[in-house]
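To find a chain, count down the sequence lines: A is the first, B the second, and so on, and within it residues start at 1. Bear in mind that the values here come from a model prediction, so they are computed numbers and not experimental data.
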There are 2 protein chains.
Amino acid sequence: MADVARLAGVSSQTVSRVSNGYAGVTEETRQQVLAAMKELGYRPNSAARALKSGEFRTIGVITFSLSTTGNVRTLEAIATSAAREGYAVTLLPVAVPTQDEVRGAFTRLEELAVDAVIVIMEVHLLDAATVRLPPHVQVVVVDSDAGDLYTVVDTDQAGGTRAAVRHLLDLGHETVWHLGGPEGSFAAQRRTDAWRATLAEAGRTVPPLVRGDWSAESGYRAGLDLAAREECTAVFAANDQMALGLLRALHERGRRVPEDVSVIGFDDIPEAGSFLPPLTTVHQDFAEVGRLCVEAVLRKMRQDGPERGTTLVPTRLVTRASTAAPPAPSAPRSAPAR
Amino acid sequence: MADVARLAGVSSQTVSRVSNGYAGVTEETRQQVLAAMKELGYRPNSAARALKSGEFRTIGVITFSLSTTGNVRTLEAIATSAAREGYAVTLLPVAVPTQDEVRGAFTRLEELAVDAVIVIMEVHLLDAATVRLPPHVQVVVVDSDAGDLYTVVDTDQAGGTRAAVRHLLDLGHETVWHLGGPEGSFAAQRRTDAWRATLAEAGRTVPPLVRGDWSAESGYRAGLDLAAREECTAVFAANDQMALGLLRALHERGRRVPEDVSVIGFDDIPEAGSFLPPLTTVHQDFAEVGRLCVEAVLRKMRQDGPERGTTLVPTRLVTRASTAAPPAPSAPRSAPAR
DNA sequence: CCATCAGATGTTTACGTAAACATTACAGGC
DNA sequence: GCCTGTAATGTTTACGTAAACATCTGATGG
């Protein structure tokens, strides 16, 4: 900066003013400074800026693995929204989802140059007590029910589940089986709870819960079980990958979808429309989730907007070929199929 | 820091020494300083550190969308490897893959606090001439043939393609059709080239190229065409998503896989083993790619290691149920099926 | 008993920037 | 023509850290 000032024949402060687009600088001077900057290849030093201003203009994102569609798409939207606001995004991966690891990420974070943090993770791993965040670092959490502790943004998973289960009931199915996610997952828990509640509401029997671990492979294994049950005519899978495995298992066991069994997924991954058959599923708007996260975290930084609370992004049922009325024998009971 | 020093009754320099694990500090003093740090909740200011040291300990990653498995998995590996080396990763998403956008990302980058950059992108979008990177910022590129300009790390796509095509020929297929990726894509180009070369080498006719855009939907559309061609008994799809769409199209048109048509994919996405039928595909070790990227970029920063050149990560053919010998009518011609 | 030396700790300084304050120049009013 | 006020520009300073250098302490050997 001093060099630029010297070359342009001005003070370094004037260079600073030009660099920051400050008003009171003559056009002539401005041009001279810009020319000098260009000639010397001047670039503002962000470390010095951060030191002076106390702001890094960076948002940290802590996430456990980028293996799920949702996390990735959310991350992408966060990065895009943040960029639009002039913020950079720093990634803090947590290799294995143990509390130790998470704590490690937060420890690294403590030394990190971020103004705010967005956590894309089941909050129960986040053991608030042991985490000491730098003061003034704001946190927004995705995928959690910790709305009373943090600001939370999430998709309306209960609503999506309800729509999925109702769709199957409305088609005339006696009840709906559920291929749930892994035990520890909060998202899985919520979908399972909503499934139970919707069935209970409609006065249907609740079949035993079958669990997978989100992977297609686990869906396949669970599917082999489900295929063996004659009475199972409709399955709500907690995500599309497991639904894929389920479709394979049903096919291998000779049960046709949707003629014999209806299958519905969750997430609407890009491939869902190309499954055999194309999968009816619940679409989640992760782009919107990411956008809202950034919005929320920036608002918190500016000290306006609520400290905590949950924002839900609506989900949408996407109807494809994998769902239909149940086979004739077990015809509609109370709710007409129409 | 000054506060800590005061509380501990030492100089700020001693605090700095403790903070950085410097040797010549009495255990007693060290404990006092640590106690003071804890009491005051001291955290080193990374901006000041960066200003002093000239290093940000951050690697920037520029990528066009996180929509492909490969990019995401590579990114994840980069983040993990970087964390292990004490580096943070800053994400620079490029919304649409135009040169303007890419240039924009680099412009943002110029002001960004990074010591090095890894570009996960087709390099032809990267128009080296218009990009002025901060001096001393090292670049490593993934997915490109720019080994003469940059340090490049990539999977051995040609080798993987060769293995895939040879596998089909060895099964007895007359020739192999190719469902290629989009025109602009370098990865697609390489796979297509290797497909042609392998067929030519084996003295087979090269069927007309069919193109998709990586999506399952485009694979489906292309598949409807291919399904109509009796003579097509083996298809090599440039990625697993397109292969998925292809499987659906073949199924709908009543052509059985693998009895009538063999299908092979590329990437080995986690779901590939749960397709109908499970997909034979080429596995790519993206974790290794990410690891090597970080290694390469750090080596470049330390000024040892080559300035440019390409490192290839081996690929591996994963044989599943979607490939088999061709149907009887068009029996093996020159290469015996064994 | 003192010179020497090494290890521990303190002091000064600079990294690049921008806020706060100081100065200069010039236009307009009297 | 001088005073006042304002716009443009310059000067000083501090942000938090760590390298370089300075100082102090106590132990060792002659």
Side-chain angles (χ1 to χ4, degrees), chain A residues 1-58 86 88 110-115 134-137, chain B residues 1-58 86 88 110-115 134-137:
Chain A
M1 193 149 132
D3 295 341
V4 173
R6 205 170 305 123
L7 180 60
V10 299
S11 76
S12 65
Q13 183 55 45
T14 299
V15 176
S16 170
R17 285 194 257 258
V18 172
S19 170
N20 292 338
Y22 203 80
V25 179
T26 319
E27 185 55 27
E28 190 191 338
T29 311
R30 220 175 70 82
Q31 288 306 331
Q32 271 174 11
V33 172
L34 287 176
M37 279 180 171
K38 194 163 184 185
E39 178 164 345
L40 296 177
Y42 166 80
R43 294 170 206 295
N45 178 311
S46 55
R49 278 195 171 165
L51 177 59
K52 194 74 180 67
S53 69
E55 272 196 4
F56 300 101
R57 298 201 72 79
T58 296
E110 287 178 2
E111 319 203 333
L112 223 57
V114 299
D115 303 314
H136 308 303
V137 170
Chain B
M1 193 149 134
D3 295 341
V4 173
R6 206 169 307 124
L7 180 60
V10 299
S11 75
S12 66
Q13 182 56 48
T14 299
V15 177
S16 170
R17 284 193 259 259
V18 171
S19 171
N20 291 337
Y22 202 80
V25 179
T26 319
E27 185 55 27
E28 191 192 338
T29 311
R30 219 175 70 82
Q31 289 307 332
Q32 271 174 12
V33 172
L34 287 177
M37 280 179 172
K38 194 164 185 184
E39 178 164 345
L40 296 177
Y42 167 80
R43 294 169 207 295
N45 178 310
S46 54
R49 275 194 173 165
L51 177 59
K52 194 76 179 69
S53 69
E55 272 196 4
F56 299 101
R57 297 201 73 79
T58 297
E110 286 178 3
E111 318 202 332
L112 223 58
V114 299
D115 303 314
H136 308 304
V137 169

> Does any residue of residues 26-35 of chain B have a heavy atom under 4.0 Å from DNA chain C, and if so, which ones, in number order?
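Of all residues in residues 26-35 of chain B, the ones placing a heavy atom under 4.0 Å from DNA chain C are B:Thr26, B:Thr29.
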
> My understanding is that only residues two or more places apart in sequence, or in another chain, count here; which of them pass side chain to side chain contact (heavy atoms under 4.5 Å, CB included) with A:Thr58?
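So A:Thr58 forms a side chain to side chain contact (heavy atoms under 4.5 Å, CB included) with A:Phe56, A:Ala88, A:Thr90, A:Val114.
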
> What closest approach, in Å, do A:Arg57 and A:Asp115 show between heavy atoms, and which atom pair accounts for it?
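Looking at all heavy atoms of both residues, the closest pair is N-OD2, 2.6 Å.
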
> Scan B:Thr14 against the nucleic acid and name what it touches under 4.0 Å (heavy atoms): base, sugar-phosphate only, or nothing.
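Answer is sugar-phosphate: B:Thr14 comes under 4.0 Å of backbone atoms only.
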
> Check whether any side-chain N or O of B:Asn45 sits under 4.0 Å from OP1 or OP2 of D:dC15, and answer yes or no.
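It does not, given that no N or O in the side chain of B:Asn45 lies less than 4.0 Å from OP1 or OP2 of D:dC15.
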
> Got a donor-acceptor contact below 3.5 angstrom from the B:Ser19 side chain to the B:Val15 backbone?
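Flag not set: sc B:Ser19 to bb B:Val15 has no pair under 3.5 Å.
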
> Expressed in angstrom and rounded to an integer, what is the separation of B:Asp3 atom CG from D:dG16 atom P?
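So the CG-P distance, B:Asp3 to D:dG16, works out to 9 Å.
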
> Looking at A:Asn45 and A:Ala47, would you say the former's side chain and the latter's main chain have a donor-acceptor pair under 3.5 Å?
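Yes.
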
> Verify the contact: side-chain N or O of A:Tyr42 to OP1 or OP2 of C:dT17, cut-off strictly under 4.0 Å; return yes or no.
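Yes, within the criterion.
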
> Between C:dG10 and B:Arg17, counting only base atoms on the nucleotide and side-chain atoms on the residue, is there a donor-acceptor pair under 3.5 Å?
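By the distance-only test, yes, there is a pair.
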
> Rounding to a whole Å, what distance do you find between A:Lys52:NZ and D:dT13:P?
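Taking atom P of D:dT13 as the reference, NZ of A:Lys52 is at 13 Å.
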
> How many Å lie between CE on B:Met37 and C1' on D:dG16, as a whole number?
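Taking atom C1' of D:dG16 as the reference, CE of B:Met37 is at 13 Å.
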
> Give the rounded distance in Å between these two atoms: CZ of A:Phe56 and P of D:dC15.
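A:Phe56 atom CZ is separated from D:dC15 atom P by 15 Å.
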
> Taking OP1 and OP2 of D:dG16, is either one under 4.0 Å from a side-chain nitrogen or oxygen of B:Arg49?
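No.
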
> Which is more 5' along DNA chain C, the nucleotide nearest B:Val25 or the one nearest A:Ser16? Just name the residue.
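Closer to the 5' end of DNA chain C: B:Val25.
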
> May I have the distance from A:Asn20 (atom CG) to C:dG16 (atom P), rounded to whole angstrom?
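Rounded to the whole Å, the gap is 17 Å.
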
> Taking atom C1' of D:dA19 as reference, at what distance in whole Å does atom CD of B:Glu55 sit?
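For the pair B:Glu55 CD and D:dA19 C1', the rounded distance is 15 Å.
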
> Kindly give the heavy-atom pair with the smallest separation between A:Met1 and A:Ser16, and that separation in Å.
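Shortest heavy-atom contact: CE-CB, 3.3 Å.
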
> Mapping B:Leu51 and B:Ser12 onto DNA chain C by nearest heavy atom, which one lands closer to the 5' end?
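Counting from the 5' end, the first nearest nucleotide belongs to B:Ser12.
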
> Take B:Arg30 and B:Val33, measure what side chain to side chain contact (heavy atoms under 4.5 Å, CB included) needs, and give me the verdict at the end.
CA-CA 5 Å; B:Arg30 219 175 70 82; B:Val33 172; 5.9 Å; no

> I'd like to know if the side chain of B:Ser53 reaches the main chain of B:Glu55, judged simply by a donor and an acceptor atom lying under 3.5 Å from each other, with no hydrogens or angles considered.
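Here the side-chain-to-backbone pair exists.
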
> Atom CZ of B:Arg6 to atom P of C:dG10: distance rounded to whole Å?
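Answer to the nearest Å: 14 Å.
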
> What is the distance, to the nearest angstrom, from the CD atom on A:Gln13 to the P atom on C:dA20?
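Nearest whole value for this atom pair: 11 Å.
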
